[in-house]
Amino acid sequence: MSIAYYDKERLFKLDTGSSTYVIGIVDDEGFIGHAYYGPRIADHNIGYLMRTGEGPFVPSKNGRDRTSFLDTFPMEYPTHGVGDFRDDAISVRTVGGNSALQLRYVSHEIVQGKPSLPGLPATFGGDDVCSTLLLKCTDKDLKLDVILSYTAFEDTDAIARSVNVINSGSDDIYLTRVLSASVDMDNENYDLITLHGSWARERRINRRPLTTGFQGLNSVRGESSHQDHPFMAVLEHDANQDRGEVYGFSFVYSGNFLAECYVNQYDSVRIMMGINPIDFSWLLKAGEEFCAPEVVMVHSSEGLGGMTRSFHDLYRQHLIRSPYKDCKRPILINNWEATYFNFDTDKLIAIADQASKLGIEMLVMDDGWFGYREDDNTSLGDWIVNESKLKGGLKYLVDEVNKRGMKFGIWFEPEMISPDSDLYRAHPDWAIAIDGREPARSRNQYVLDLTRPDVVDYTYNQVSTILHSANIEYVKWDMNRQLTDIGSATLPAERMGEFFHRYMLGVYELQERLITEFPDLLLENCSGGGARFDPGMLYYSPQIWCSDDTDAIERLSIQEGTSLVYPLSTMGAHISDCPNHALGRTTPFRTRGYVALAGTFGYELDVTRIPEEDREMIPSQVEMYHKYNDIVRMGDYYRIASYHDNHEYDCYMVVTKDRSEALMTYIQVLNRINYHSRRNTASHMWMWRIRQRRAMIRTVHIQVRCS
Ligand code: GLA
């Protein structure tokens, strides 16, 4: 059992493989405090770390000066409005218009395994690998119960946290803020790492010193977003890939989020993560409950590399459910950058003809096969095959592709509705809109109101009907705009603040139904590239299209930022044509292959039209994928050098779990004129370290490309 309760000391000790997290109950009043988070310790008697005896921050019994206690005590789940003036994790609005609450310990339960979260993506684990602490606390005046849930994993250094709020009283209560995790720590000269970007420039690593006041990031876009990412790491200033204390926080959610650090007057830091309180409120009627999604916390004493490997292991073993999780994915060719909307049955069969001979295993038909969609202005929502383009119908095309020994995949954007569509003409109220106000178009489309069960049902049936009509083995689920003009024809005014979260629950329900009815389907999520590359989506799909930027050199930085948290097996990466459609850069075909090998691997080009010498290289790239993908997919990841930092070269290594093989990939982006050759000391160091850990690497495959 990795969680223990020490009655005399009133402490809970949660142990993972190499980290410990300690929670304490203090005072007769039952305040729940945070005592310790860091390297694994044997001792549990560390309640003194909450420093309740240290004047002037005396316990709450001191009625004369309660706020000096409340404003300094390391709260496990801080509440609003009673004297803790740092930011809070939960606040409410009562029928009387008040917002304050205070939570005190009531009871606890420690169970083996991990209970699931209703309707939400979440990590999972059997009785043998994890146990869960359910800590019940209450505001006795409001009769609001809060259950703080902590799961400690023994096979990886992760603790998953979520929160359940129950209205046990008889009055309505609005929740105006329910974050999923809060950790109070002393600021040990920490840095903060966050991931930022833009469309086609996702997840660039940003590191800076943690400083006084608020800092962090959020999304109000209705998606985890291209711009900010639901991840944050707090680390020692001199921590690097290899050493130093690192705390990583990752939110298993795909909608609006908040990730925030607040460094206060006493140089302690409060780290918080959860659903963004902006545009959020949730009405809890008597007896109702609200479940907040989970945050995963990882502690590493082995620098960022240790944190990364823990997240990779956790997400591979305890989040992704797809049967493809542990399998090589079929090498696909996607026709988006090959044809855009300009394709028909003959064109796709011509691509399949060539591709199959070269060893490519699946053809994916992208946007433009339905309704009367010839460009991105129409037909979303009309998921009916355009037979003037696909002559003979979808089944004919799929059968022809199958006859060539290839699987077939298809693109959908199920959450959307074009104003120019039969669906919109029939059901204008199905689009998200505020009554009487024209909603903003983006890519000339609106978003379906997935808070409505009837719209969810309809959407699901449209997708399911197409999947039943032919042998379709893969779906690319796209989502190409952000949510604006939030309004729903069916949600009552007092529940409109629930819209964003209910929308996400609708998306999750759709994908859950899809993978339940089609358990062997390979689902790839996508959101204009990487706007929803998050752990929430990984619960449904084992891979996500990383970015619409397919330029190999840009991809080095995008994939480095992504792989800081996510396993390589989840990163959709393809070789595309040159000059690159987004950047205009030409990169050798071979280099493009090495870069795509760091992800799921595939092609996004017209194989019938690329230069002969490139086409001739494809069989060897296919062979390389089959040879190395097991290591890439399942191995331990080591970041050796960052092109993002040095602007010259990029290097990473993947090592098999049994330490018998390693694959090191080195990309020299530009030549260095008139320099001495460089001994790659970094990689020597890594190899040496692995040996130090009694690794006997028998084979090292090294790929080098100087462009
Ligand atoms: C998004 C995706 C692309 C492609 C287009 C089609 O931008 O990221 O890969 O599918 O939509 O419209």
Side-chain angles (χ1 to χ4, degrees), residues 197-203 221-227 254 329 332-343 347-348 351 362-383 386 389 408-418 420-421 441-447 463 466 472 474-482 507 522-534 537 541 543-552 554-555 558-559 562 570-577 580-583 592 596 599-606:
S198 181
W199 172 73
R201 203 168 61 244
E202 293 90 344
R203 290 175 293 287
R221 297 165 188 268
E223 56 183 10
S224 47
S225 92
H226 295 100
Q227 288 75 13
S254 315
R329 318 284 155 79
L332 67 82
I333 183 159
N334 178 304
N335 74 309
W336 178 239
E337 288 192 27
T339 66
Y340 295 104
F341 294 97
N342 185 18
F343 64 89
K347 179 71 211 172
L348 295 178
I351 292 178
M362 178 161 73
L363 175 76
V364 175
M365 177 173 67
D366 211 279
D367 193 356
W369 56 266
F370 51 92
Y372 40 93
R373 190 158 163 100
E374 298 297 342
D375 54 33
D376 56 10
N377 290 309
T378 73
S379 302
L380 293 167
D382 297 345
W383 301 107
N386 179 347
K389 246 172 162 176
F408 186 88
I410 197 166
W411 178 97
F412 279 102
E413 198 179 355
E415 299 162 56
M416 297 296 151
I417 179 166
S418 301
D420 182 5
S421 67
R441 296 182 185 199
S442 176
R443 213 191 189 203
N444 221 348
Q445 62 200 55
Y446 297 144
V447 186
V463 175
I466 292 287
I472 298 171
Y474 161 107
V475 164
K476 176 177 174 187
W477 180 300
D478 211 338
M479 194 277 188
N480 275 319
R481 65 156 287 180
Q482 300 152 351
V507 173
L522 174 55
L523 181 61
E524 175 154 359
N525 265 290
C526 170
S527 181
R532 263 195 335 209
F533 201 119
D534 58 61
M537 299 320 288
S541 65
Q543 60 196 61
I544 302 174
W545 183 228
C546 214
S547 175
D548 275 349
D549 192 338
T550 56
D551 175 81
E554 281 295 293
R555 273 298 185 110
I558 295 169
Q559 294 178 185
T562 306
T570 65
M571 299 196 306
H574 299 165
I575 299 168
S576 66
D577 205 357
N580 180 266
H581 292 196
L583 253 76
R592 284 178 259 159
T600 55
F601 198 76
Y603 294 84
E604 183 116 1
L605 41 71
D606 185 347

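Computed from a prediction, not measured in an experiment: that's the story for all the values here. Indexing begins at 1, ligand by ligand and atom by atom, following the structure's order.
- Here Asp366 pairs with Lys476 in a salt bridge; the nearest charged N to carboxylate O distance falls below 4.0 Å.
- Using a 4.5 Å cut-off on side-chain heavy atoms (C-beta onward), Asp367 and Tyr340 make no contact.
- For ligand 1, the 4.0 Å heavy-atom shell takes in Trp336, Asp366, Asp367, Trp411, Arg443, Lys476, Asp478, Asn480, Cys526, Gly528, Gly529, Trp545, Asp548, ordered by chain and residue number.
- Although no hydrogens or angles enter the test, the distance criterion places a donor-acceptor pair under 3.5 Å between the side chain of Ser225 and the main chain of Gln227.
- Other residues, nucleotides and ligands contribute at most 12 non-hydrogen atoms within 6.0 Å of the CG atom of Asn342.
- Of the possible polar contacts, one joining the Thr339 side chain to the Asn335 backbone as a donor-acceptor pair under 3.5 Å is found.
- Ion pairing between Arg329 and Glu524 fails under the 4.0 Å rule for side-chain N and carboxylate O.
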